[in-house]
Undergrad: 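Once you've had a glance at the structure underneath, I'll fire off some questions.
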Amino acid sequence: MSTLQIDFGDTKPQSKIVGIDLGTTNSLVAVMDLTGPRILSGIVPSVVSVTASGDAIAGAKARDALVTQPERTVYSVKRLMGRGLADIQNELKLFPFRIAEGSESVLRLRLGGVVMTPPEVSAHVLRKLKLDAENALGGPVTQAVITVPAYFNDAQRQATKDAGRIAGLDVLRLVNEPTAAALAYGLDKRKQGIVAVYDLGGGTFDISILRLQEGIFEVLATNGDTHLGGDDIDHLLMQVALEDIRAEWDEDISADSTAVQLLRRAVIKAKEQLSFVPEASIDLEYRGRRYQRTLTIDVFDRLIRPVIDRTLRPCRACLQDAKIAVEEIDEVVLVGGSTRIPLVRSEVEKLFRARPHTELNPDEVVALGAAVQAGILAGDVQDALLLDVTPLSLGIETMGGLTSKLILRNSTIPASATEVFTTGVDGQTNVLIHVVQGERELVKDCRSLARFDLKGIAPMPAGMARIEVRFLIDANGILNVTARDQRTGTEHSVDVKPSYGLTEGQVEAMILESVEKAEQDFAARQVREAQVEADAVLAATERARKEPGYLDLTDEERSAIDTAINELLVVYHSDNHELIRAKIDQLDVATQKLAEIIMNSAVGAALKGTKIDA
Ligand code: ADP
Ligand code: MG
C-alpha cells in the first residue's frame, strides 16, 4: 500500500508570480529572486504559426515558419489587440495580416485552416512563456504581471488580460512598460528625480517621462510613434540589398517571399552585429548563388539617421507635455533592442544631456521590471508604490452633444472623480450615460467607450434631479463608471468593456487634433451651450404661456413675447453664440412681467391656509 505524503503545511513550495513583457516583436518572462529579478527564458519572438496538423506553435520555431509557411504564420499581433476592423486599416497596409471573413464584429485572423482572435494568438505566446517559466522554476506558474504600452486604452488592456486568461494565467496586474523599466533599474530607491524612458523596439517607439518622489513613481507624460523601430532600419537595409542583388544577379527577388525572408534575416544579423563591431556583412546564399556586402558603421549611421531623427520630435513633445525642461531630467533609461545601436545612444544623450543607463540589456529591462512588480505583489519586495497615467481624458456626454471631462489626460492612476449632473427635461425618469474618451469638446469627435441607461430616477422638474457620476480607474487602467440618483439611491454601473470596433484614432493623433482644433472646438462649444440654454428658456416660456397669469398680459406684452421667441428661433442655428445669447436676453426681458405674475400667484397660493403667526 502506498503511503500518503505528510503535509507539513509551510514546506509546500510557493508558486511564483512571474513578470511578462508581451512585446510586439519579442516577449520575455522573468521572476523575482532573493537577489533580484532574473530572466527565465530566452527571448521568445512574438510569432505564432499553425502546423500542417493544425497545432499552434509560438516563438523561434514559429518565426522560422515565417519563411516556409507565411500564410499560416502571424507576427506583430500586438498591433491588433483590442482593436476593430476600422482601427487597423493602416496596419493592414503595412503588415500581411490575413483577416478572416466576418471580422466586422470581432476581429479574427486566418492562419491556414485555423481562425483566431488576436488575444487567442497572443495566448499562444503567453503559453510558451508560461511553459518556459515552469521548466525553469520546476513548478506550476499560474499568476502573472504583464506589461503594456502606457498609451494602451481600455480595450487594448482588457484584450491583454483576456490573452492571459486564455493562456491559463491569472493576470494580477498590468504595468506600463516605462514604469517597469524604471523599476528594473531600481530607480524607485532614489529619493526623487525625473526619469525619461526611451523605448525603441522592433516596430514601435515610446517615450515617457516619469517623476519619482519619495520612492513613488508617477508617469507625467507619454508620446511616441506606433510605426517606428528596428523594422524601419531593416527595411532600409533591405532596399539597399535588393537593389544590389538586382544589379549583381540581374534578377529581382523581391516577389520571392522565401528569398525576401532569408535576406531579411541576413540584414538583421548584420544590423545587430554593427552595434558591437565597426563592420559587418550582409550574407545571402540562395539557390546556389551568393550575395555578400560589407557594411561599415559610418555608412550604416548615415543610412539610419532619418529613422533616429524621427524619434526626437516625440521626445520634445513629451517634455513639453510633462512641463519638464531638459535640464530637469535626472536619469535616462534605454529600453528596446534597437537602443543597442550606438547612434541611438549618442543621439539620446545629446537630446537629454544625460548619459543613459545601459547596464541592463535593453530588451530585458521591461520583463525584469515586471518581475519586480510581481515581487511587490507577492510581498517579496516592500516599499514601492506605482503610479501610472491615463493617456486620454475620460468623461461623459452632456446636453447638446458636449463632453464633460471627469478624469483629465495624464492623470495618475488609480484615480477617481465624482461630479453631479442634472436632467434637461421635466419629469425625466431615465438618463443616458455615455462614456467617452478623448480631448475634443464635442462628443462626435471623441471615442465612445460605453453607454448605459440609469432608469427609475425620481421624476423632477428639469434641472432639479441630482445624478452623481463616479469614475474610478483601477491600477490596471480599467475604468468603472457608476451613476446614482441621489434622491432614490438607484444606481447603475459598468466596467468599461473592450469595444472591439472603436473608431480609428491613435492617442497621439487624437491629442494633436485637439490642439489643432482647440479654437474651433471652443467656438462650437459656446454655440452648443447657448443653444442648450435657448432650449431651456423656450421650454420655460412655453409652460408659462399655459399659466392663467398669461391672460393678464396686454396684447403688446404678448406680442413682444411672440416676437422674441421668433427672433430667437431665427438665430438658433446660426454659428453666433453672442447673437443667440442676445435673443435669449430679449426673451427674458419680454417675459419678465409674466414671470412676476406667475411668481406672485404661486406665492399667494402658498400663503393661503398658512396662519399669519406661523
Ligand atoms: P519589442 O519591444 O518591439 O517587442 P524588442 O525590444 O525586443 O522589441 O526589440 C526588437 C528590435 O531590436 C528588433 O528590430 C531587433 O532587430 C532589434 N535589435 C535587437 N538586438 C539588436 C542589436 N544588437 N542592434 C540593433 N538592433 C537590435
Ligand atoms: Mg518592448
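Every number for a ligand or one of its atoms is a count from 1 in the order of the listing.
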Undergrad: For ligand 1, which atoms sit closer than 4.0 Å to a heavy atom of Gly230?
TA: 14 (O)

Undergrad: Heavy-atom count check: over 12 atoms from other residues, nucleotides or ligands less than 6.0 Å from Glu71 CD?
TA: yes

Undergrad: Who gets closest to atom 1 (P) of ligand 1 by heavy atom: Thr25, Leu28, Val366, Ile341?
TA: Thr25

Undergrad: Using a 4.0 Å cut-off to any heavy atom of Ser275, which atoms of ligand 1 qualify?
TA: 22 (C), 23 (N), 24 (N), 25 (C)

Undergrad: Considering non-hydrogen atoms of the protein only, which is the closest contact for atom 13 (C) of ligand 1, and what is the distance?
TA: Gly202 CA, 3.9 Å

Undergrad: Nearest protein heavy atom to atom 6 (O) of ligand 1, by residue and atom, and its distance?
TA: Gly337 N, 2.9 Å

Undergrad: Could you tell me the residue and atom name of the protein heavy atom closest to atom 7 (O) of ligand 1, and the distance to it rounded to 0.1 Å?
TA: Asn26 ND2, 2.8 Å

Undergrad: Judged by modelled atom types alone, do Thr339 and Tyr198 share a side-chain donor-acceptor pair under 3.5 Å?
TA: no

Undergrad: Salt-bridge test for Glu331 and Arg211: reply yes if a basic N is under 4.0 Å from a carboxylate O, no otherwise.
TA: no

Undergrad: For atom 2 (O) of ligand 1, grab the closest protein heavy atom and report residue, atom and distance to one decimal in Å.
TA: Gly201 CA, 4.2 Å

Undergrad: Does Glu272 form a salt bridge (charged side-chain N to carboxylate O under 4.0 Å, His left out) with Arg265? I'd like the steps, not just the answer.
TA: CA-CA 11 Å; Glu272 297 187 354; Arg265 287 283 188 83; over 6 Å; no

Undergrad: Should you measure from each heavy atom of Gly336, which atoms of ligand 1 turn up under 4.0 Å away?
TA: 6 (O)

Undergrad: Which atoms of ligand 1 are found less than 4.0 Å from any heavy atom of Lys271?
TA: 14 (O), 15 (C), 16 (O), 17 (C), 26 (N)

Undergrad: Side chains of Leu169 and Thr142, heavy atoms from C-beta outward: is any pair under 4.5 Å?
TA: no

Undergrad: Between Lys128 and Asp132, is there a salt bridge with N-O shorter than 4.0 Å?
TA: yes

Undergrad: If you count every heavy atom of other residues, nucleotides or ligands that lies below 6.0 Å from Arg289 atom CZ, does the total exceed 12?
TA: yes

Undergrad: Which ligand 1 atoms, with their elements, are less than 4.0 angstrom from a heavy-atom of Arg340?
TA: 20 (N), 22 (C), 23 (N), 24 (N)

Undergrad: Can Ser338 be said to touch ligand 1, with heavy atoms closer than 4.0 Å?
TA: yes

Undergrad: Over 60° means perpendicular and under 30° means parallel, so classify the ring planes of Tyr185 and His357, tilted if in between.
TA: tilted

Undergrad: Considering Lys78, Gln273, Glu272, Glu364 one by one, which has a heavy atom nearer to atom 19 (C) of ligand 1 than any of the others?
TA: Glu272

Undergrad: Say whether Asn361 and Arg340, considering side chains only, have a donor N or O and an acceptor N or O under 3.5 Å apart.
TA: yes

Undergrad: Which ligand 1 atoms are under 4.0 Å away from a heavy-atom of Gly23?
TA: 4 (O)

